[in-house]
There are 2 protein chains.
Amino acid sequence: MIGGSELERLLRGAALRVTRPRVAVLAAVRDHPHIDTESIIGVVRERVGAVSHQAVYDVLRVLTTAGLVRRIQPAGSVARYEARVGDNHHHVVCRSCGAIADVDCAVGFAPCLTAADDAGYTIDEAEVVYWGQCTDCARQGRTGPAAEQRTVHSHEQPT
Amino acid sequence: MIGGSELERLLRGAALRVTRPRVAVLAAVRDHPHIDTESIIGVVRERVGAVSHQAVYDVLRVLTTAGLVRRIQPAGSVARYEARVGDNHHHVVCRSCGAIADVDCAVGFAPCLTAADDAGYTIDEAEVVYWGQCTDCARQGRTGPAAEQRTVHSHEQPT
DNA sequence: CTCACTTTCTGGAATGAATCAAGACACCGG
DNA sequence: CCGGTGTCTTGATTCATTCCAGAAAGTGAG
Ligand SMILES: [Mn+2]
Ligand SMILES: [Mn+2]
Ligand SMILES: [Zn+2]
Ligand SMILES: [Zn+2]
């Protein structure tokens, strides 16, 4: 809901052409932190009409490479994108519903942690994912991953 | 290469029946840290002959649920398993070749980090993934993800 | 030892995210 | 105003993983 010219400047600053799909995708990601590709396609189509899924995938790749958006992928989740970049923040993920929230990094730049023994690796980033349960799920006493429909695998016995 | 009876005890201790596939999968994971499912199937078949991929997937799920193995899934990687459990250690991943090495946790139990602002979540684990480049890749000057064959997407311009 | 119950096998089929493909067209910007 | 970049359309493909279901095998409690 903020000025598109702002986004235009971002794109030009990254030496990227300003196109409708790019601006729309960038806006969608900025307005919906940790949004997944499917939802981006939905949001973008609402705003600018027809956009091919191919275009969205292409745009996301370009924006990610340019560093305008960040791609995150907690285990068990599809790829998600956010426009909050450059501050090396972390995430907390709900084991029950998959909700993601930002967690500020005390250090603010990468790598914000030093490995005791780095096994010789040259480390450029320490990614931290906090796992737990969000307030909603805690209150409702949800337990397992809500994403899975709790269908019982035929080879598995119900507990 | 260690006693199978050791593994049997592990399984029984988790109230799991001792079956050939289970013992074989557990041994494979223990002997090949951070092994992926495909490789597990290979290793298991070498040792005990025919085992269905379905059985391996089932076994891995059971072992993971029982806490005998840990499943890790760094972004851009397929699921990998390890038998080193209970010590809350972390991992360092090579951006070029995907190699994974263990990183001891200074604390040794979860959660080993406290979030500045946990957004109300009840946090039970802080997972840390160090990203960087392994010694081999650094020496050979590899740059991009080696997993991807560097084929140029038709919609993408080479830099 | 026996039997009920669990686990695995077989052989596919389906899923879902992501990528690839390629020609035609649109449109951005120097 | 063009050259070249980006997008469109339509479909196919890949790959890990899960689902399926009946039959066979194997385990362990009693
Ligand atoms: Mn974030
Ligand atoms: Mn490990
Ligand atoms: Zn939740
Ligand atoms: Zn490497």
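Every chain is numbered from 1 and lettered A, B, ... according to where its sequence line falls, protein lines coming before strand lines. The model shown is predicted, which means the values in this text are computed figures rather than measured ones.
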Could you tell me how far apart [X] ([atom1]) and [N] ([atom2]) are, to the nearest whole angstrom?
| X | N | atom1 | atom2 | value |
| --- | --- | --- | --- | --- |
| B/E8 | D/dT27 | CD | P | 10 Å |
| B/H53 | D/dA16 | NE2 | C1' | 11 Å |
| A/R80 | C/dA17 | CZ | P | 11 Å |
| A/Y57 | C/dA18 | OH | C1' | 5 Å |
| A/E38 | C/dA17 | CD | P | 6 Å |
| A/I41 | D/dT7 | CD1 | C1' | 14 Å |
| B/L60 | D/dT17 | CG | C1' | 12 Å |
| B/L63 | C/dT7 | CG | P | 11 Å |

Next item on the list: To the nearest 0.5 angstrom, please state how far the SG atom of A/C112 sits from the CG atom of B/L113.
Entry: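 Between A/C112 SG and B/L113 CG, I get 8.5 Å after rounding to 0.5 Å.
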Item checked: Whichever hydrophobic residues join A/V85 through chains of side-chain contacts under 4.5 Å ->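 None, because no other hydrophobic side chain comes under 4.5 Å of this residue.
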Note to self: Which nucleotide wins on minimum distance to the side chain of B/A55, given the candidates C/dT8, D/dC8, C/dA18?
What the structure shows: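 Nearest to the side chain of B/A55 among the choices is C/dT8.
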Checklist line | Out of D/dG6, D/dT18, C/dC9, whichever nucleotide has its closest atom nearest the side chain of A/R17 | finding: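 Looking only at heavy atoms from C-beta outward on A/R17, the closest nucleotide is D/dG6.
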Item checked: Earlier contact from the 5' end, DNA chain D, for B/V18 and A/V51 ->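 Of the two residues, A/V51 wins.
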Margin query: If you assign each of B/R12 and B/V78 to its closest nucleotide in DNA chain D, which residue comes earlier from the 5' end?
Written below: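 Final value for this comparison: B/V78.
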Output yes when [X] and [Y] qualify as a salt bridge under the 4.0 Å nitrogen-oxygen rule, no when they do not.
| X | Y | result |
| --- | --- | --- |
| A/R70 | A/D87 | no |
| A/D58 | A/R61 | no |
| B/E82 | B/R71 | no |

Check: For D/dG6, does either OP1 or OP2 sit under 4.0 Å from a side-chain N or O belonging to A/R22?
Finding: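 A/R22 to D/dG6 OP1/OP2: side-chain N or O found under 4.0 Å.
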Checklist line | Any B/T19 side-chain N or O less than 4.0 Å from OP1/OP2 of C/dT8 | finding: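 So the side chain of B/T19 is within the cut-off, an N or O lying under 4.0 Å from OP1 or OP2 of C/dT8.
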